[in-house]
Every structure is written in C-alpha cells, then in structure tokens.
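The block underneath contains the structure these notes are about, expressed in structure tokens.
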2 protein chains.
Amino acid sequence: MTDTQLTIRQMCEAYDVTPRTLRFYEAKELLFPERRGQQRLFTKRDQARLKLILRGKRFGFSLEEIRQLLDLYYVGDQQRTQLERTQILARKHLADMQAQRDELQVAIEELKEQMAWGEKRLAELERIDEQNA
Amino acid sequence: MTDTQLTIRQMCEAYDVTPRTLRFYEAKELLFPERRGQQRLFTKRDQARLKLILRGKRFGFSLEEIRQLLDLYYVGDQQRTQLERTQILARKHLADMQAQRDELQVAIEELKEQMAWGEKRLAELERIDEQNA
DNA sequence: CGTTACGTTTACGTTAACGTCATCTGTGCT
DNA sequence: AGCACAGATGACGTTAACGTAAACGTAACG
C-alpha cells in the first residue's frame, strides 16, 4: 500500500521530471498528491495521471487541454448532466486525435517520398564520385 | 506568375495567420519572401513552407524543429556530405513521427474504451430516471 | 545536538511564440 | 497636392510552462 506512494524524488526519477514540474502540475490541478505532514505523497492515481499528462504533451496539447482530458478518465460518480457533458467533450477530443493521426500519416508518407528522392540523388552522386576516382 | 505572389494580407487571409506571425517566421528564417521595394511578396514556395509549418505546429513541434524539417524538403543542390546529413536527420524525424502516430493510436483506443464505459453508465442512469418517473 | 538530506513555500527569472502599439514609408486615387 | 491605406520597422508586453535561488522545516544519523 505505502509502497505505491511515491515521494517527490522517487516520482521524478520514475518519470524523468523535476520537482518543480510536479509542484507546478499540482498548482494547476492536474495532480492531487496526498500529504504526510507537509510532504507530498503521489498515489497510484497520480502516477497514472502523470503518464497521461506526459503523453498529452508529446501530442502537443496544452496543460489546460490535458486537464480537461484527464477528467474524462475519472468519471466515477458524476451526475447525469455532467456525464453527458463529459461524453460530448470526449467525442470532440476523439475526433481531434483521429484527425491528428490521419494528418500524421500523410506527413509520414510525404517525408518517405522525400527520403526516396534523396536516396536516389545520393546514388547518382556516388556514381559520379566513383567515375572521378 | 505574378498571380502566385501573395501580399502579406492575402497570405494572412489564405492561411488564417496574422502579419506579425509571417514577419516572425521570416525573422526565424522559416520563410523567405521576395521584395518589391520594401514590400514582402510570398512566393509559391513560401506558401508550401507555411503549410508545412502550420502542420508541424499541430503536431506539437517547435519552430526550430520545423525549420530543420523544412530543409528536408528543399534538397535541390546540396553537396554529398550535406545530403547525407539531411538523410540521417530525415530518418530520425520519420522515426519520431511514426512513434507519435502509434502512440496516438493507443491513446485513441483508450479514449474509446472510456467512452464506451461512459455510455454504459449513462444508459444505467437513464433506466433509473425512467423508473422514478 | 549539530549537520546532512530531503522537502516545502515564496518569488523572481527565462524562453518560445507571438500580440500590440507607435511611428514611418510608399502608393494609388481624386 | 493631399489623403487614405497597406505595409514596414522597432520596441515593449503577454502567456504558458517551467527554471532557479533563497529561506525555512524536519527527520534521521553519528
């Protein structure tokens, strides 16, 4: 039990972030560590949330967007109207993410083409270099 | 010919950005508009570059990363060693983008699961509401 | 019981990516 | 010639997401 509670330093090493970052995320209400006296203790829930935060950042989402996304994962005991709002927000985010994935796929294809072109060009230059040798 | 040359305002309307942004991108050497006197004229090349810039931003890349990426698309008359460096950089970016795409796919699946859970929960709440009616 | 290590709060500093004036400059009407 | 207007050039302001430094608390250890 107490085993899953991480101190701030353990948390930092586990997820490669700084103490400042964790405190900052708490201030922004992205994390809610418990307290032993004044000391922070990060629960399993906080660790899961941090993973989602870091992934969200890699996708280019702002912390504010991420905060809203996080709420989608802790639906527990929401009222009906609130839950409906959550679902609507989730649909929007899902659409965003799918669009981004598709756009990424296109970008990947384009980059591959460019690289093929570059390889061809390199082969030409190599031929010329060999002739001049 | 002169038709593809856009003034700054035309460029702004076409791509939904501000003049400041375009000047900023020029200062950061992401765009290289020609000049008629002191006035900027954005060529077809600048428009293509701007599209790539905006897409890169949606992926969460920094302008500096994007600047390097842009060079991958204008390989034209590079020397051999330079071209080899370009290819290496391209491979790295490709790997990054593929990783991000895969990670996005996972995130999408997870969000879908959460949404299914929410829908189930909503259906329950609806049943209860109807009983109380 | 002092000090070392870890943690806390408070507050000011920094970087990226622009926004927002204020002030010129050129250009096409009328 | 005069004037509106688009565009240019500084220069300072702003926001997000932390970095960094100072000053303090506290728990264990030799």
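Proteins get letters first, then strands, A, B, ... in listed order; numbering begins at 1 in each.
The shortest side-chain heavy-atom distance between B:Gln10 and B:Phe42 does not fall under the 4.5 Å cut-off. Between A:Lys92 and A:Gln68, the closest side-chain pair of non-hydrogen atoms is not below 4.5 Å.
Between the side chains of A:Gln114 and A:Glu110, not a single donor N or O lies within less than 3.5 Å of an accepting N or O.
Atom pair B:Ile8:CD1 and D:dA6:P shows a separation of 13 Å (rounding to whole Å applied). Atom P of nucleotide C:dT23 and atom CD of B:Gln38 are separated by 18 Å, given to the nearest angstrom. Atom CD of B:Glu13 and atom P of D:dA6 are 10 Å apart (whole Å). Rounded to an integer number of Å, the gap from B:Leu22 CG to D:dA8 P is 10 Å. In this structure, CE of A:Met11 is placed 17 Å from C1' of C:dC6, rounded to the nearest angstrom. Here C:dT27 presents its P atom at 8 Å from CD of B:Gln39, a figure rounded to the nearest Å.
In this structure, A:Arg23 reaches the bases: a heavy-atom distance under 4.0 Å links it to at least one base atom across the strands shown.
Contact check, B:Thr7 against D:dG7: a side-chain N or O comes under 4.0 Å of OP1 or OP2. In this model, the phosphate group of D:dT9 is approached by a side-chain N or O of B:Arg35 to a distance below 4.0 Å at OP1 or OP2. In terms of phosphate contacts, A:Arg36 brings no side-chain nitrogen or oxygen within less than 4.0 Å of OP1 or OP2 of C:dT8.
Other members of the hydrophobic cluster containing A:Leu125, listed by chain and number, are A:Leu122, B:Val75, B:Leu83; membership follows side-chain contacts under 4.5 Å among ILVMFWY residues, whether direct or relayed.
Considering all non-hydrogen atoms of both residues, B:Leu54 and B:Val17 come closest at CD2-CG1, 4.2 Å.
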Exercise for the section: For nucleotides 10-22 of chain D, just jot down a letter per nucleotide in 5' to 3' order: B, S or -, based on protein non-hydrogen atoms under 4.0 Å. Expected result: -------BBBB--
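In this view, A:Gln87 and B:Glu119 satisfy the side chain to side chain donor-acceptor pair (under 3.5 Å) rule, not counting sequence neighbours.
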